[in-house]
Amino acid sequence: MSNTLSVDYPETFPDALHMSRAEFECEARLAMAAKLFETGRLSSGQAAGLIGMGRVAFLAELGRLRVSTIQVGAEELEGDLAAAEAAVDHPQQ
C-alpha cells in the first residue's frame with residue numbers, strides 16, 4: 001500500500017522556471033527526495049524509490065542539485081581523522 005502527497009502551487013511557477021508543468025513537478029519530487037537524503041532521513045535507494053527513479057540515476061542528479069552523494073556525519077569524520085593521525089604517528093612497517 002502506498003500513500004499520495006499533493007502539493008498546491010501557483011500556475012505561474014513552471015513558467016517562472018521555464019519548465020513545463022510535468023518538468024516542474026518532476027523537479028519538485030527530486031528536490032524533496034534529495035533533501036530527505038541530504039539530511040540522512042532516507043538512504044539513496046529509499047530516496048530514489050520514493051520518486052520512482054533508479055539509485056544510480058538519482059545519485060547522478062544530486063550533483064546538479066549541489067547535494068553531495070557522500071553523507072558522512074561529524075562523528076564519523078572525527079573517527080577517520082583520528083585514525084589517519086594515528087597512522088601518521090605510528091606507521092606500519
Side-chain angles (χ1 to χ4, degrees):
M1 182 174 147
S2 65
N3 296 308
T4 301
L5 171 68
S6 296
V7 177
D8 294 327
Y9 61 88
E11 289 181 19
T12 57
F13 274 23
D15 286 338
L17 297 173
H18 308 288
M19 296 177 167
S20 69
R21 178 180 168 197
E23 290 170 330
F24 174 77
E25 290 177 1
C26 183
E27 187 75 2
R29 286 190 296 274
L30 177 61
M32 177 186 65
K35 192 62 178 180
L36 290 168
F37 168 72
E38 183 179 39
T39 59
R41 293 178 170 246
L42 293 179
S43 69
S44 60
Q46 290 170 322
L50 176 66
I51 58 174
M53 182 180 274
R55 182 175 171 270
V56 172
F58 175 74
L59 291 171
E61 286 292 310
L62 290 178
R64 186 174 61 79
L65 297 176
R66 296 187 176 152
V67 173
S68 175
T69 58
I70 301 170
Q71 300 298 317
V72 180
E75 276 186 29
E76 189 173 350
L77 284 175
E78 288 173 2
D80 290 349
L81 181 59
E85 288 172 343
V88 169
D89 291 342
H90 300 93
Q92 294 180 353
Q93 295 182 25

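The two residues L65 and A34 make their nearest non-hydrogen contact at CD1-CB, 3.8 Å. Between F24 and M19 the shortest heavy-atom distance is CA-SD, 3.7 Å.
Atoms OG and CD1, from S44 and I70 in turn, are 11.5 Å apart once rounded to the nearest 0.5 Å. Atoms CG and CE, on L42 and M32 in that order, are 8.5 Å from each other to the nearest 0.5 Å. With values rounded to the nearest 0.5 angstrom, L17 atom CG is found 10.5 Å from E23 atom CD. With rounding to the nearest 0.5 angstrom, the CZ atom of F13 is 11.5 Å from the CG atom of D8. Between L59 atom CG and F37 atom CZ the span is 6.0 Å, to the nearest 0.5 Å.
Side chain of Q46 to backbone of S43: a donor-acceptor contact under 3.5 angstrom is found.
In the hydrophobic cluster analysis, where Ile, Leu, Val, Met, Phe, Trp and Tyr join through side-chain heavy atoms closer than 4.5 angstrom, L62 is grouped together with I51. Under the 4.5 Å side-chain contact rule for hydrophobic residues, Y9 and L5 do not share a cluster.
Evaluation of the salt bridge (charged side-chain N to carboxylate O under 4.0 Å, His left out) test over residues 53-62, restricted to residues two or more places apart or in two chains, returns E61-R64.
E25 has its side chain out of reach of L30: every pair of non-hydrogen atoms, C-beta onward, lies at least 4.5 Å apart.
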